[in-house]
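These figures come from a predicted structure and were not determined experimentally. Counting starts at 1 for both ligands and their atoms, in listed order.
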Amino acid sequence: MIIAVIGAQWGDEGKGKIVDLLTDKFDIVARYQGGHKAGHSVHVKNKSFILRLLPSGIIHEDKTCVLGNGMVIDPKAFFEEVEQMQGEGISITPERLKVSSRAHLIMPYHRVLDHTSEERLGNEKIGTTLRGIGPAYEDKAGRRGIRVADALVPEILKQKIERNLEEANRIIVLYGREPLRSDEIFDEISVLIERLKPYVCETSAFIAEAKRQGKKILLEGAQATLLDVDHGTYPFVTSSNPTAGGACVGLGIPPHHITGVLGIVRTYTTRVGEGPFPTEMIDAEEEIANLIRQRGNEYGSVTRRPRRCGWFDAVATRYAAQLNGFDSVALTKLDVLDALDEIKVCIGYQLDGKVVNTFPASAYDLRRVKPIYETLKGWKTDTSGITDFEKLPEDAKRYVNFLSDAIGVKIDLISTGAEREQTIILKNSVLESWLENHRKN
Ligand code: IMO
Ligand code: MG
């Protein structure tokens, strides 16, 4: 069984908690795209872990974790996180952590280029995480990237660093920065690669073999659908494919081997960084945004950067359901809305006086669309920790059902708090059948 878990909006939907909750039922947790993220927090046994690069399965010592070929890996960030986890008493060994030999490396010059690229864009900047992720993917597509397998041979690593840095330094100098030195980069990276060696693996073969043995594999998406480089709000996106197709490419899994796709949807929307956001709460609604931000702790896990907040956008989420083929949806952070008198849901967009039901391709159009809202009554009751759908207030049930109808996929799981136990799993649902499947085997 292979299940992909994918964020439906612009990230921070609460994938971490859901993946952590499901991890129990799986043997392997694999990531397929992206690099070390801003970080998401997972609460386990009253402890809070912040994960950037490693799948959250790493917290559970009987699970194996995979970093797939579609990822970009900063070796320094990798060992920082490994050491941090080991400091928390978690055993991390090459037996339970596999890094694809085909993954690309984020090099120190990629970080600098992420800064210069944002500087160049000025007002049009993306608001990237400045970790070098975009520039590393640029090198990958430009066929000059350094893959883990290349880096294992010191001469090749040295040669590639020298060649790439020659060009990178021209841009770096153009922006008035000090050029980097290839010998220094080589010395720093080669030591880390030597340490990385035991973790390196032909991960697609590893996964194919695990599947053959009947192991259960969870694919953990990073970022989310609307940040997908092809399908998201381009150019305000990340440089990889978080959508379900990306999971096949980023791990080397045949599409028909994927059993199902679980979409993670939050009861409202947030966005970090720049870019269009049709349902953003601005001006008169800023107070509501502040309330949600506070109740939902909508600040970057590491940077504490406040996230932009907005109403639920059914046009965008329906689009995500269609792109990923969600078989099931987990709805997170219901309790955050407990305090609202009224809740708006965007059910369509208006563009130049016409109703559009599809998600516009152009960022220019997306900035201009006017959301068409349906207003629902709030429930003004504490729902935190409720584990039975029937115990939810009627208006909360109505809200959940409304969202489910609006996106066209059944909601099988509802999260009512940050803890694992604060969860409703609906009976006879697709999600339950995946979990049952576990019990039978
Ligand atoms: P998780 O996995 C939300 C956003 C950045 C920026 C854009 C491109 O926690 O949901 P990049 O550094 O990837 O080139 O930045 O993508 N972004 C995220 N937004 N959650 C994330 O991760 C994000 N990772 C990147 O803010 O707009
Ligand atoms: Mg995040």
Q: Look at atom 20 (N) of ligand 1 and say which protein heavy atom is nearest, naming residue and atom and giving the distance to 0.1 Å.
A: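 Residue, atom and distance for the closest contact: Asp12 OD2, 3.3 Å.
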Q: Is a side-chain donor or acceptor of Arg52 paired with a backbone partner of Leu54 at a separation under 3.5 angstrom?
A: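 It does not hold such a pair.
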Q: Using the test side chain to side chain contact (heavy atoms under 4.5 Å, CB included), find all partners of Lys125 that sit at least two apart in sequence or belong to another chain.
A: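 Partners of Lys125 by the side chain to side chain contact (heavy atoms under 4.5 Å, CB included) criterion, ordered by chain and then number, come out as Glu118, Leu121, Glu274.
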Q: I'd like to check which ligand 1 atoms, numbered from 1 as shown, lie under 4.0 Å from a non-hydrogen atom of Val272.
A: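 Per the distance check, 3 (C), 18 (C), 19 (N), 26 (O), 27 (O).
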Q: Taking atom OH of Tyr234 as the centre, does the number of heavy atoms from other residues, nucleotides or ligands within less than 6.0 Å exceed 12?
A: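 Atom OH in Tyr234 is not crowded, with 12 or fewer foreign heavy atoms closer than 6.0 Å.
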Q: Okay, side chain of Thr23, backbone of Val19: is any donor-acceptor separation there less than 3.5 Å?
A: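 Checked: pair present.
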Q: Mind checking whether Gly127 has a heavy atom under 4.0 Å from ligand 1?
A: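 Gly127: in contact with ligand 1 (<4.0 Å).
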Q: Using a 4.0 Å heavy-atom cut-off, which part of Lys37 comes near ligand 1: side chain, backbone, both, or neither?
A: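 Side chain only.
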Q: Kindly check if the number of other-residue, nucleotide or ligand heavy atoms within 6.0 Å of CD (Glu184) is above 12?
A: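 Yes, the 6.0 Å shell around CD holds more than 12 heavy atoms from other groups.
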Q: Of all the non-hydrogen atoms in the protein, which one sits nearest to atom 2 (O) of ligand 1, and at what distance?
A: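 I find the closest protein heavy atom is Gln223 N, 2.8 Å.
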Q: Between ligand 1 and Glu220, can you find any atom pair, the residue atom being a heavy atom, that is separated by under 4.0 Å?
A: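 It does not, in that no heavy atom of Glu220 comes within the 4.0 Å cut-off of ligand 1.
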Q: Centre of Tyr364's six-membered ring, under 6.0 Å away, within 45 degrees of the axis: is that where NZ or CZ of Arg367 sits?
A: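 Pair Arg367/Tyr364 does not count as cation-pi.
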Q: With a cutoff of 4.0 Å, is Arg131 in contact with ligand 1, counting heavy atoms of the residue only?
A: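 Arg131: no contact with ligand 1 (<4.0 Å).
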Q: With a 4.0 Å cut-off on heavy atoms, does Val237 reach ligand 1?
A: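 The answer is yes, since Val237 has a heavy atom less than 4.0 Å from ligand 1.
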Q: If you take the nearest heavy atom of each of Asp114, Thr128, Leu130, Leu226, which one is closest to atom 14 (O) of ligand 1?
A: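 Selected option, by shortest heavy-atom distance: Thr128.
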Q: Is it the side chain, the backbone, both or neither of Trp10 that has a heavy atom closer than 4.0 Å to ligand 1?
A: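 Within the 4.0 Å criterion, Trp10 contacts ligand 1 through backbone atoms alone.
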Q: Could you walk me through whether Leu226 and Val237 pass the side chain to side chain contact (heavy atoms under 4.5 Å, CB included) check?
A: CA-CA 7 Å; Leu226 300 177; Val237 292; over 6 Å; no
Q: Please check if the side chain of Asp20 supplies one atom and the backbone of Arg420 the other of a donor-acceptor pair under 3.5 Å.
A: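 Absent.
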Q: When you look at Phe312 and Tyr399, which way does the ring-ring contact (aromatic ring centres under 6.0 Å, His included) test go after all the steps?
A: CA-CA 11 Å; Phe312 186 89; Tyr399 184 69; 7.1 Å; no
Q: Before accepting this row, confirm whether a basic side-chain N of the pair Asp27/Lys216 lies closer than 4.0 Å to the acidic partner's carboxylate O.
A: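 Not counted as a salt bridge, because no side-chain N and carboxylate O are separated by less than 4.0 Å.
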Q: Would you say Arg307 contacts ligand 1, with heavy atoms under 4.0 Å as the rule?
A: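 The answer is no, since Arg307 has no heavy atom less than 4.0 Å from ligand 1.
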Q: Return the option from Thr238, Leu227, Thr270 holding the heavy atom at the smallest distance from atom 11 (P) of ligand 1.
A: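 Comparing heavy atoms across Thr238, Leu227, Thr270, the nearest one to atom 11 (P) of ligand 1 lies in Thr238.
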Q: Below 3.5 angstrom, do we get any N/O pair linking Lys15 and ligand 1?
A: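 Yes: some nitrogen or oxygen of Lys15 is under 3.5 Å from one in ligand 1.
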Q: Tell me whether Lys63 is salt-bridged to Glu220, with the criterion being a basic N under 4.0 Å from an acidic carboxylate O.
A: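 Here Lys63 does not pair with Glu220 in a salt bridge, since their nearest N and O are not under 4.0 Å apart.
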Q: Donor-acceptor check, side chain of Asp228 to backbone of Thr243, threshold 3.5 angstrom: yes or no?
A: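 Yes, Asp228 side chain to Thr243 backbone: donor-acceptor pair under 3.5 Å.
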Q: Which of the numbered atoms in ligand 1 are below 4.0 angstrom from a heavy atom of Arg305?
A: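 Near Arg305, the atoms of ligand 1 are 26 (O).
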Q: One residue to check: Glu13. Relative to ligand 1, which of side chain, backbone, both or neither has a non-hydrogen atom less than 4.0 Å away?
A: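 Neither; nothing of Glu13 gets under 4.0 Å from ligand 1.
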Q: Going by an N to O cut-off under 4.0 Å, is there a salt bridge joining Arg131 and Asp74?
A: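 Salt bridge flag = no for Asp74 with Arg131.
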Q: If you count the atoms of ligand 1 from 1 in the order shown, which ones are under 4.0 Å from a heavy atom of Ile126?
A: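 Once the distances to Ile126 are compared, the set is 27 (O).
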Q: Would you indicate whether Lys76, at its atom NZ, is surrounded by more than 12 heavy atoms from other residues, nucleotides or ligands within a distance under 6.0 Å?
A: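 No - once you tally the heavy atoms of other residues, nucleotides and ligands closer than 6.0 Å, there are 12 at most.
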Q: Count, excluding waters, the protein N, O or S atoms that are closer to the Mg ion (ligand 2) than 2.8 Å.
A: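 Count of protein N, O, S atoms less than 2.8 Å from the Mg ion (ligand 2): 1.
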Q: Would you mind listing which atoms of ligand 1 come within a distance below 4.0 Å of any non-hydrogen atom of Thr129?
A: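 Near Thr129, meaning under 4.0 Å from one of its heavy atoms, ligand 1 has 11 (P), 12 (O), 15 (O), 25 (C).
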